[in-house]
Amino acid sequence: MSGRVRAAIAVWRARSGRAVGQSSFDLYLGLMVALVAVVPVGRAVWLSASGHEGLAVLSSPDAPAAASLLATALWAGALLLGRERGPALRSPFLTHALASSAIPVATAFRGPVLRSGALIAAACTGAAMVVGASLLVAGLTDPVGVAVLAGAGLAVGVVAAVAWLIGQAAPRAAAVTAVVVGMLGGAAAVVPALRAVTPSGWVALAYPSAQAPGAPIALAALGLVAAVPVLMNTLRAGELTAQASRWSSATSYAAGLDFDIAAQLYRRRPQLGRGLVAVGAGRGRAGLFLVRDVVGAVRTPGRLAAGVLGLVLATALLALATAPAMPGWLLGAVAGVMAYAALGPLTDGIRHAADTAADLPLYGIGDTQLVASHLLFPALAALIAVAAGVAVVWLLTGVAPFAAAGPTALLAALALAGRLAAALKGPFPPVLLTPVPTAMGDPMAAVRLAWALDGVLLASAAGLAAALLTSVPLLAAGVAAATVVTVAYRWRHRR
Amino acid sequence: MIDVDRVDVRAAGVTLLRPVSVQVGVGEALVVRGRNGTGKSTLLRVLAGARRPSGGTVRVGGSLVDARDRRFRRRVSAMIGLPPMAPELTVLEHVRLVAATWYSDPDESRAVEGGLLAELGLDALSARFPHELSSGQTQLFGLALLLARPFDVLLLDEPEQRLDPEHVHTIIRVLRARRDAGATLVAATHSSVLADALADRTLELDAAA
């Protein structure tokens, strides 16, 4: 850090004096979080990895390919994440002051980039060491194998950190690169011969059972690190300031448990497709709103593609969950959350209808008709995704389509209803701020969190209930009833 | 057309609008004035059916106010803050969609959208998305959505907000035309220019308070 940067940060930090004892409290908080959350989770991870089932997975012949796919997903995700929130990030004013000064960006933002990179690298190294250590304890590798795997984990983390920075420095190129990385990673996982010439393949080769050195991935990481200063100096002041402001607003909303508004800040705005006719004449009401919603979704193609793909994957996961010998409840819950998230880009019309229904009359049709008209597009998209997901699982695993059709259709319907409930959700009820002291402490913090995350919780319950539809049909009835009651209550109190 | 009889609004022991009575006839423009906090927006909310009065009655076209009643929805068009906008639709598509839901004849709908955007000086911006509009353009766009539908009563809360003097005169011209065509107007404003140009009568809430 240069003297000028240090001086600027010193001025920023001195703007408000820290209360006496704040550092001690921070230390206490850190220790308590470590004891209450980090240690038990770490222990659970180790027990899972070193148990019989964990070892069976980690030592299976498919483990190297799975490791390469994970690395691929991490790199592609880092590239895309950098477009929205990169590692070169300080508070909005400090970002503006430093980015518009004569100090080189590489110098001004070295600290946050190094810290972010170190965090990812440490996480990846730690994960690799857990895998390596569990294989070592079971006698499936030697210390050298663990060291190679840990080194590969470090390299994967370093590549991810640089990919994150690339996403921030070159947002457009990063989107294309992410697609290429994904395709190469998928190809390397399926075709072993490609592993010697692809970065994700090098990760697979560093896996203990692969019996190959991990030098290529380490060299790739070193090569990318050398490009970091150049990348940092291509960061533009406007983009840095915009990212810093958005992140600051999003964290403020998230701290206030308003996750929907925080997420809205990162919703892509349309730039394309003005020439497409979204609202034409002579289509009838259903056709009018269907075409309007389809064209509206097409105008943010990345969001639409992610939504459709996510919906197909969620359906496929749920179809898989209905197969015997699968942890159905877990896969179902994950599929529920995925379906709920994937429906987000497909339900812009529902959100607009809910906003309109809660406001002064604008359209010449009733609120119920307006919402029903906007339900058409996501319902049709969900129907197609259900068919596609069930077909994919049928072709790949042989799970009978008729067995999976009911649960997947139920999940699609409940996730869509959950989206409607989320669109109708009003502001935070002040009554939830009331403290309720009990002998076990104040449960209202958990209630507030449940209120903030009710959409996700309801979706995971819907996925779980759908996966267990045939064995515990009452659970599905209960979740469906809860969803319907939530929608009805919010609809009644919309205005 | 509008009959407000001793209407007041209170919330949690706080008076938001002191008792007020006023009548507005067909084709008449009432301008509501007063300092911040005297209840101008609250009165408009009551007229639009977005807020129940604590006391008194409001009738529009002889019927009690009910925002969910079809005839009331058709009769009253109100802008109290900006209306909801869809980020994925252009300016023209917004106006076209609103018009298409009110007019069954496509030709009538097209005539409304074309004339309206030109009248408000928005025709050059018709292909823009809402996030590509300036603050003043967004205000005009909100007004366009309001005028794209049929109405007998127009309720406006500070329509001059965010507008430069030239565009304030634009909306004066547009609103006068609606009043002259028989619409009843109620507008709350801090603008003397707008009030002087538009008002047939003025309701001073400071005086009422």
Side-chain angles (χ1 to χ4, degrees), chain A residues 264 267-285 287-289 291-301 303-304 345-370 373-374 377 423 430 492 494-495, chain B residues 44-45 47-52 66-70 72-110 113 126-132 142 145-146 148-151 155-157:
Chain A
Q264 271 176 32
R267 191 168 294 157
R268 285 261 154 193
R269 289 168 163 182
Q271 303 288 340
L272 312 166
R274 288 167 214 270
L276 299 171
V277 181
V279 183
R283 285 175 176 153
R285 185 173 298 148
L288 180 74
F289 281 91
V291 173
R292 170 241 183 272
D293 284 346
V294 171
V295 173
V298 166
R299 284 172 173 166
T300 45
R303 283 181 75 225
L304 177 62
L346 308 176
T347 47
D348 288 342
I350 290 181
R351 277 187 289 278
H352 177 66
D355 287 348
T356 307
D359 209 291
L360 298 165
L362 179 64
Y363 294 105
I365 55 176
D367 297 340
T368 313
Q369 285 174 299
L370 184 66
S373 302
H374 278 295
F377 167 56
R492 195 173 162 76
R494 69 188 183 277
R495 188 180 273 147
Chain B
L44 288 177
R45 287 190 171 281
L47 294 178
R51 172 141 211 155
R52 283 178 191 275
D66 178 2
R68 294 186 186 177
D69 178 73
R70 281 183 74 175
F72 180 83
R73 290 169 69 102
R74 159 65 184 74
R75 187 170 280 154
V76 178
S77 184
M79 186 163 91
I80 305 170
L82 290 169
M85 295 166 186
E88 68 276 17
L89 294 187
T90 63
V91 167
L92 175 63
E93 287 163 354
H94 274 89
V95 174
R96 185 174 285 170
L97 188 62
V98 171
T101 59
W102 287 100
Y103 299 101
S104 50
D105 180 2
D107 291 335
E108 197 176 3
S109 173
R110 260 194 295 272
E113 75 197 33
S126 61
R128 289 200 190 179
F129 293 111
H131 68 270
E132 295 170 332
L145 293 182
L146 201 69
R149 46 158 294 182
F151 54 84
L155 306 175
L156 300 160
D157 190 16

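All of these numbers come straight from a predicted model, not from anything done at the bench. In what follows, every chain begins at residue 1, and chains take the letters A, B, ... in the order their sequences are listed.
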Legend entry - Partner chain B: residue of Gly349(A), Ala278(A), Pro270(A) with the largest heavy-atom pair count (under 4.5 Å):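 Top count of heavy-atom pairs under 4.5 Å with chain B: Pro270(A).
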Measure across [X] and [Y] and return the closest heavy-atom pair with its distance rounded to 0.1 Å.
X         : Y         : answer
Leu362(A) : Trp102(B) : O-NE1, 2.9 Å
Pro361(A) : Ala67(B)  : CG-O, 4.1 Å
Ala100(B) : Leu288(A) : CB-CD2, 4.1 Å
Leu272(A) : Phe129(B) : O-CZ, 3.8 Å
Leu360(A) : Ala50(B)  : CD2-CB, 3.8 Å

Legend entry - Top of Arg73(B), Arg96(B), Arg45(B) for chain A proximity - count of heavy-atom pairs under 4.5 angstrom: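 Result: the option with the highest number of such pairs is Arg73(B).
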Inset, instruction - Would you mind checking which part of Asp359(A) comes under 4.5 Å of any heavy atom in chain B, side chain (CB onward), backbone (N, CA, C, O), both or neither? - result: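 Interface part for Asp359(A): side chain.
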Inset, instruction - Against chain B, label Gln271(A) side chain, backbone, both or neither, depending on which of its atoms sit under 4.5 Å from a heavy atom there. - result: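 The answer is both parts of Gln271(A).
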Legend entry - pair Arg269(A)-Glu132(B): side-chain heavy atoms closer than 4.5 Å: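 They are not in contact (no side-chain heavy atoms under 4.5 Å apart), so the answer is no.
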Legend entry - Side-chain heavy atoms of Thr90(B) within contact of Arg299(A), under 4.5 Å: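 Touching, per the 4.5 Å side-chain cut-off.
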Inset, instruction - Assess whether atom CZ of Arg267(A) is packed by more than 12 heavy atoms of other residues, nucleotides or ligands within 6.0 Å. - result: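 Enclosed: over 12 neighbouring heavy atoms sit under 6.0 Å from CZ of Arg267(A).
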Legend entry - Sidechain N-carboxylate O distance under 4.0 Å for Glu88(B), Arg292(A):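 Looking at Arg292(A) together with Glu88(B), the answer is yes, because their closest N to O distance falls below 4.0 Å.
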Legend entry - Electrostatic pair Glu93(B):Arg274(A) at N-O distance under 4.0 angstrom: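 Between Arg274(A) and Glu93(B) there is no salt bridge, as every charged N stays at least 4.0 Å from the carboxylate O atoms.
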Legend entry - Part of Arg70(B) lying under 4.5 Å from any heavy atom of chain A: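 No part of it gets close to chain A.
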Legend entry - chain A contact via Leu155(B) - which portion, at a heavy-atom distance below 4.5 Å: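 For Leu155(B), no heavy atom lies under 4.5 Å from chain A.
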